[in-house]
Amino acid sequence: TLQDRLAATFKSLRGKGRLTDADIDATAREIRIALLEADVNLGVVKDFIAKVKERAREAEVSAALNPAQQIVKIVNEELVQILGGETRNLRFAKRPPTIIMLAGLQGAGKTTLAGKLAMWLKGQGHSPLLAACDLQRPNAVNQLQIVGQRAGVQTFAPEPGNGVGDPVAVARQAVTEAERSLHDVLIIDTAGRLGIDAELMQQAADIREATSPDEVLFVVDAMIGQDAVNTAKAFGDGVGFDGVVLTKLDGDARGGAALSIARVTGKPIMFASNGEKLTDFDVFHPDRMAGRILDMGDMLTLIEQAERTFDAEQSQKAAEKLMTGGGKEFGLADFLQQMQAVRKMGPLSKIFGMLPGMGQFKDQIENIDEKEIDRIEAIIHSMTPAERDNPKILNGSRRARIAKGSGVEVSDVNSLVNRFFDARKMMSSLAGGGGMPGMPGMPG
Ligand code: GDP
Ligand code: MG
């Protein structure tokens, strides 16, 4: 696996300078193979790797992770980003019914999805109606009716024996029916062919035109791998869609199609289907998919653990240093490190609020917001090491230089320095008075 290969490529080098080009290239090569094995489109892989390499070159070597882990972490973050970051929810119409149209190739899983989606929506208190607008395949209407029955929802279908059906007309009638019978969601099932087909595209585009759906969902089989890009492009151009549903994720496909489609169309993947049962369905989780594409869930867990342990060690060290005086005086670098460690643990005011004896500083604490920490970070980064160790040397011209370097006002630098001296005084008085119970064991 990728995990083994990466482990073999690297000894556990830690914490010096920047990632070397050799580290980056070696890891990028392995990631590239992993993505191709996951059936990600070659063009997409190339773009992706270039982006990751660029980020890796800019990254400073982490003290918590070895270079391979660090690059994998970047890869994972980029994957999650392309796959949509946060899950996107369905958009409901201000005035019901909300119209959801399903489009995709034959066999993609549209009809099955109609039932899954209906059941899922029903579970959330909606009252969906299915519309049978696949009049291409002889049995398609019946299939949707059966799926609807299983999901416990009604299906709108053309009258039998009504000659050759017109799917656009049926779609229109279905909208009217949904309004009349007070269904708040209408799910339109459409026909698909085996390959990309101009006539089919036109039909889907006409249905879209006639019903103005709130969401057009492109349904695609995760197993089709490389073809996903062309199919998605064709549907994007021919019909247009707002979101993607990946089906058959219960198969052994690693899900490269997801990445290719997301990258090429820029549309969010909204749902995932993973089986033939109506309950085999969920909203799409970009992070889980990224893990699946990389095929190294264990490695990602290890990375998280390594970082968390490292953070805990750092804050422990800082706390100990504080308590004991640490031989060296508590400086601005320690101040920053503490803030950063604390920030990772949650909203600041909450954390400080939990510390005994901190009640008296309540106002001051609540005034620290997250943006301010960014500014503090920038200011401290603009100082020389000597200034960080011994802020007493910060005279007017040094302060002006720092303000310029970090893009803030001199008054911001002054207020940080004053706050630092206050904090140091406060800490040493607390430490002198028997220490701060619970400080090293802050919740984390
Ligand atoms: P449509 O032509 O797009 O309407 O596709 P169907 O809904 O008829 O599905 C085609 C086939 O794929 C059927 O045999 C479904 O049972 C099956 N199918 C649909 N979704 C999934 C899924 O998520 N996993 C698996 N294993 N099979 C699925
Ligand atoms: Mg169908």
Side-chain angles (χ1 to χ4, degrees), residues 39 100-121 128-151 153 155-158 165-168 170-171 174 186-197 199-201 203-205 207-208 211 213 215-225 227-228 230-232 234-236 238-239 241 243-258 261 269-285 288-289 292:
D39 232 350
I100 302 171
M101 172 178 162
L102 310 180
L105 295 181
Q106 181 175 319
K110 294 180 294 301
T111 304
T112 312
L113 177 75
K116 291 178 176 184
L117 201 53
M119 198 158 96
W120 183 75
L121 286 166
L129 176 68
L130 303 181
C133 296
D134 177 358
L135 308 183
Q136 219 78 18
R137 276 198 303 179
N139 205 30
V141 172
N142 190 239
Q143 188 198 349
L144 185 70
Q145 283 169 325
I146 292 170
V147 161
Q149 266 166 25
R150 283 207 200 112
V153 303
T155 301
F156 180 84
D166 171 5
V168 182
V170 173
L186 177 67
I187 300 172
I188 302 177
D189 185 29
T190 66
R193 299 258 169 98
L194 285 175
I196 298 160
D197 174 302
E199 201 182 323
L200 153 96
M201 290 290 172
Q203 184 182 94
I207 294 177
R208 175 175 198 171
T211 59
E215 299 274 18
V216 178
L217 302 183
F218 171 56
V219 183
V220 59
D221 179 343
M223 312 277 281
I224 72 171
D227 283 339
N230 292 332
T231 311
F235 272 86
V239 188
F241 55 86
V244 178
V245 181
L246 276 184
T247 64
K248 310 196 189 178
L249 281 168
D250 48 318
D252 53 13
R254 289 249 309 274
I261 293 169
I269 301 172
M270 295 172 59
F271 298 100
S273 240
N274 56 355
E276 304 209 33
K277 291 201 302 293
L278 288 184
T279 46
D280 295 332
F281 173 77
D282 198 358
V283 295
F284 179 75
H285 296 285
R288 286 187 213 162
M289 185 48 111
R292 175 171 176 154

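Just so you know, ligand 1 is whichever comes first in the structure, and atom 1 is the first atom listed for that ligand. Quick note: numbers below take in every heavy atom, side chains included, and nothing from hydrogens, waters or symmetry partners. Index from 1, following the sequence.
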Starting at CZ of R288, measure out to CG of L249 and round the result to the nearest 0.5 Å. 11.5 Å

Taking every heavy atom of A228 against every heavy atom of A257, the minimum-distance pair comes out as CB-CB, 3.8 Å

Specify side chain, backbone, both or neither for Q136, according to which of its non-hydrogen atoms lie closer than 4.0 Å to ligand 1. neither

Plane angle bin for F241 and F218 - parallel if under 30°, tilted between 30 and 60°, otherwise perpendicular: parallel

Check ligand 1 against T112 and write out every atom of the ligand that is under 4.0 Å from a heavy-atom position of the residue. 6 (P), 7 (O), 9 (O), 15 (C), 19 (C)

Using the side chain to side chain contact (heavy atoms under 4.5 Å, CB included) rule, pick out the option among L186, I188, T155, T111 that qualifies with L130. T155

Quick note on ligand 1: atoms under 4.0 Å from a heavy atom of R137 include exactly 2 (O), 8 (O)

Of all heavy-atom pairs linking V170 and C133, the shortest is CG1-SG, 4.0 Å

Could you tell me, atom by atom, which parts of ligand 1 come under 4.0 Å of a heavy atom of N274? 23 (O)

Could you state the interatomic distance from NZ (K277) to CE (M119), rounded to the nearest 0.5 Å? 10.0 Å

With a cut-off of 4.0 Å, which atoms of ligand 1 are near a heavy atom of K116? 23 (O)

Return the CD to CG distance between Q203 and L135, rounded to the nearest 0.5 Å. 7.5 Å

Quick note on ligand 1: atoms under 4.0 Å from a heavy atom of L105 include exactly 3 (O)

What part of K277, side chain from CB on, backbone N/CA/C/O, both or neither, has a heavy atom under 4.0 Å from ligand 1? neither

For atom 12 (O) of ligand 1, tell me which residue out of M223, K248, E276 has the closest non-hydrogen atom. K248

Pick one of side chain, backbone, both or neither for how T111 approaches ligand 1, counting any non-hydrogen atom pair under 4.0 Å. both

Counting non-hydrogen protein atoms only, what is the nearest one to atom 8 (O) of ligand 1? Give residue, atom name and distance. Q143 NE2, 2.9 Å

Where on D280 is there a heavy atom closer than 4.0 Å to ligand 1, on the side chain, on the backbone, on both, or on neither? neither

Q143 to R137 - nearest heavy-atom pair and separation: OE1-NH2, 3.6 Å

Could you list which atoms of ligand 1 come closer than 4.0 Å to a heavy atom of K110? 1 (P), 2 (O), 3 (O), 4 (O), 5 (O), 7 (O)

Could you tell me, atom by atom, which parts of ligand 1 come under 4.0 Å of a heavy atom of Q106? 2 (O)

Separation between CG (D189) and CD1 (I207), nearest 0.5 Å, reads 9.5 Å

From M101 CE over to L217 CG, what is the distance, rounded to the nearest 0.5 angstrom? 10.0 Å

Evaluation steps, side chain to side chain contact (heavy atoms under 4.5 Å, CB included), between I100 and L121: CA-CA 12 Å; I100 302 171; L121 286 166; 4.2 Å; yes

Nearest protein heavy atom with distance in Å, relative to atom 2 (O) of ligand 1: G107 N, 2.7 Å

Does ligand 1 come near enough to G275 that some N or O of the ligand is less than 3.5 Å from an N or O of the residue? yes

What is the distance from atom CE of M289 to atom CG of L246, rounded to the nearest 0.5 Å? 5.0 Å

The protein heavy atom nearest to atom 26 (N) of ligand 1 is D250 OD2, 2.7 Å

Shortest non-hydrogen contact from R292 to G251? NH2-O, 3.2 Å

heavy-atom search around atom 5 (O) of ligand 1 in the protein gives G109 N, 2.9 Å

Side chain of K110, backbone of G104: donor and acceptor closer than 3.5 Å? yes

Mind checking how many protein N/O/S atoms fall short of 2.8 Å from the Mg ion (ligand 2)? 1

Hey, can you tell me if W120 and F271 have their rings parallel, tilted or perpendicular (30° and 60° cut-offs)? perpendicular

Give a yes/no on ligand 1: does G192 have at least one heavy atom closer than 4.0 angstrom to it? no

Pairs of nitrogen or oxygen atoms closer than 3.5 Å, one from L249 and one from ligand 1: do any exist? no

